[in-house]
Amino acid sequence: MTHDSVSSASPVSPPPATTAAVPADNSAEALDPHCLTDAESDRLLSGAPWTRFAVLGDSLAEGLGDPLPGYRTSSWADRVADALRRTAPDLTYLNLGERGLTTAQVRASQAAPAAAFRPDLIGIVCGGNDLLLPGFSPAVLETELRLLFGRLATPGTTVFTYALTNLAAAVPELRGGPLEDGVAVLNEVTRKVAAEYGAVVVEMYDHPAVGDRDLYSADLVHASARGHAVIAAATLRTLAAEFSTGAG
C-alpha cells in the first residue's frame, strides 16, 4: 500500500527487505474465518460514504508488526484504506501514526495536521504507551483523550477507536497481572471518552481470536501480519454496521 500525495508525519514502515523476494502466499489468510476476502469487504462497504481517511496514534497506528507466512504483510490501517478505495477510488488517506508516543504527544503533534486534512473518517489508536509509563494515571489519560477527541470529532466526521486485545488470553503467565488489569482500565477509559464524543469503538479485547498466540508479534506488543488482518476485518465490520444503520 502506498500512501497518496498527502505526506504523513511518520509513514508506515515498509515490510523488511527480505520479504520482498518471497512470492506472495495469502493461503492462510484466505481460509481464516476472522479475516475478510476482498469480495466480502466490498459487499460490507457498498455505499460507504467516506472519501478522506486519516489515522493517528502510536506504533499501533503506524502499523508495526512481524510478518507471518500465509498472510499479506500490510498494516490494519493500510488494509482498511485499500478496502475503502476499492469502493471509493478517489479516497485520500493520511497516516500520522508514530511509534513511542503517549496520548499527550499524539495530541500535540498529530491533532492539528489531522484536522487540517479535513477527514470524514478518523481512526485513533493511542494510550498503550501511557499505560507502560511509571505512574500511569487513568485520570490524565481520560483528560488527554477528551482533548484529542474534542478536536477531531466534528459534525460529519466518523471517528473510531479501539478497545485493545487482552494479550493475557494468549500468554497464560500474564493472566491476573498488572498488564491485563492495565489494559482493562485503558479500554474502560477509551470506551467512556468515545461514548461522550459519539466515536465508534472496535472491540478487540474479547475478540474470538484474542487467545491465538500468532495474532501477536514476537515482542508481545504489536500485532503480527495475521493480527493486522484480523484487526482490519473487525474494523471494516464495525464501520459497515455503523453506516448501514445511519449512525455514522
Side-chain angles (χ1 to χ4, degrees), residues 1-3 7-17 19 53-68 71-82 93-111 113-114 117 122-134 136 140-141 144-145 148-149 152 159-168 170-171 174 178-180 182-183 185-187 189-190 194 201-202 204-205 207 209-210 213-235:
M1 170 75 194
T2 302
H3 293 259
S7 61
S8 69
S10 179
V12 172
S13 300
T19 65
F53 173 38
V55 174
L56 61 162
D58 53 27
S59 59
L60 300 181
E62 183 181 344
L64 299 188
D66 295 342
L68 187 70
Y71 290 84
R72 182 161 56 98
T73 302
S74 181
S75 74
W76 69 266
D78 282 3
R79 286 170 175 272
V80 170
D82 283 343
Y93 167 43
L94 173 69
N95 192 325
L96 295 162
E98 184 177 350
R99 67 196 73 182
L101 300 187
T102 64
T103 302
Q105 291 169 328
V106 168
R107 180 174 65 84
S109 64
Q110 298 177 19
F117 178 66
I122 303 176
I124 300 174
V125 194
C126 56
N129 290 314
D130 302 67
L131 179 62
L132 297 176
L133 289 175
F136 166 63
V140 171
L141 173 64
E144 287 295 336
L145 284 175
L148 180 59
F149 277 68
L152 298 171
V159 178
F160 68 92
T161 189
Y162 291 86
L164 301 183
T165 57
N166 180 19
L167 174 62
V171 185
L174 296 177
L179 180 61
E180 184 175 29
V183 170
V185 170
L186 169 61
N187 287 342
V189 172
T190 300
V201 179
V202 181
M204 296 302 301
Y205 185 77
H207 187 281
V210 74
R213 177 62 185 79
D214 68 355
L215 211 67
Y216 310 93
S217 290
D219 62 9
L220 297 180
V221 174
H222 301 99
S224 66
R226 183 188 180 218
H228 281 287
V230 170
I231 293 168
T235 303

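- In this structure, Gln110 and Leu94 have side chains that are not in contact, with every pair of non-hydrogen atoms separated by 4.5 Å or more.
- For Glu62 (side chain) and Arg99 (main-chain N/O), a donor-acceptor pair under 3.5 Å exists by modelled atom type.
- Counting heavy atoms from C-beta on, the side chains of Trp76 and Val230 never come closer than 4.5 Å.
- Counting all heavy atoms, side chain and backbone alike, Ala61 lies closest to Gly97 at CB-CA, 3.9 Å.
- Tested against Val189 for a side chain to side chain contact (heavy atoms under 4.5 Å, CB included), the candidates Leu141, Asp130, Leu131 yield a single pass: Leu141.
- A salt bridge does not link Asp66 to Arg226: none of the charged side-chain nitrogens sits closer than 4.0 Å to a carboxylate oxygen.
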Side chain to side chain contact (heavy atoms under 4.5 Å, CB included) between Leu167 and Leu174: does it pass, once the steps are laid out?
CA-CA 8 Å; Leu167 174 62; Leu174 296 177; 3.7 Å; yes
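- Here the side chains of Leu164 and Leu60 are in contact, with some heavy-atom distance below 4.5 Å.
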Start with the C-alpha gap between Leu96 and Val55, add the side-chain angles, then the distance that decides, and say whether side chain to side chain contact (heavy atoms under 4.5 Å, CB included) holds.
CA-CA 6 Å; Leu96 295 162; Val55 174; over 6 Å; no
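- Between Gln105 and Gly100 the shortest heavy-atom distance is OE1-O, 3.8 Å.
- Ring pair Phe53/Tyr93 is parallel by interplanar angle, where below 30° counts as parallel and above 60° as perpendicular.
- Screening Thr235, Ile124, Asn187, Val201 against Tyr162 for a side chain to side chain contact (heavy atoms under 4.5 Å, CB included) leaves a single residue, Thr235.
- Using a 4.5 Å cut-off on side-chain heavy atoms (C-beta onward), Leu56 and Ile122 make contact.
- A donor-acceptor pair under 3.5 Å is absent between the side-chain atoms of Thr102 and the main chain of Asn129, judged by distance alone.
- Contact of the Val210 side chain with the Tyr216 side chain is registered, since non-hydrogen atoms from C-beta on lie closer than 4.5 Å.
- Smallest separation of non-hydrogen atoms from Ala225 and Leu68: CB-N, 3.7 Å.
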Using the side chain to side chain donor-acceptor pair (under 3.5 Å) rule, take Ser74 and His228 through it: C-alpha gap first, then chi angles, then the decisive distance, then the call.
CA-CA 7 Å; Ser74 181; His228 281 287; over 6 Å; no
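- Between the side chains of Ser59 and His222, at least one donor N or O lies within less than 3.5 Å of an accepting N or O.
- The line from CG of Leu152 to CZ of Phe117 is 12.5 Å long, rounded to the nearest 0.5 Å.
- Considering only heavy atoms from C-beta on, Leu101 comes within 4.5 Å of Ser109 through its side chain.
- Between Gly65 and Ser217, the shortest heavy-atom distance links the atoms CA-OG, 3.3 Å.
- Between Asn95 and Ala77 the shortest heavy-atom distance is ND2-CB, 3.7 Å.
- For the side chain to side chain contact (heavy atoms under 4.5 Å, CB included) criterion with Tyr205, the lone passing option out of Thr165, Asn166, Leu186 is Asn166.
- Counting only heavy atoms from C-beta outward, the side chains of Leu145 and Cys126 approach each other to under 4.5 Å.
- Under the 4.5 Å side-chain criterion, counting only non-hydrogen atoms from C-beta, Asp78 is not in contact with Arg72.
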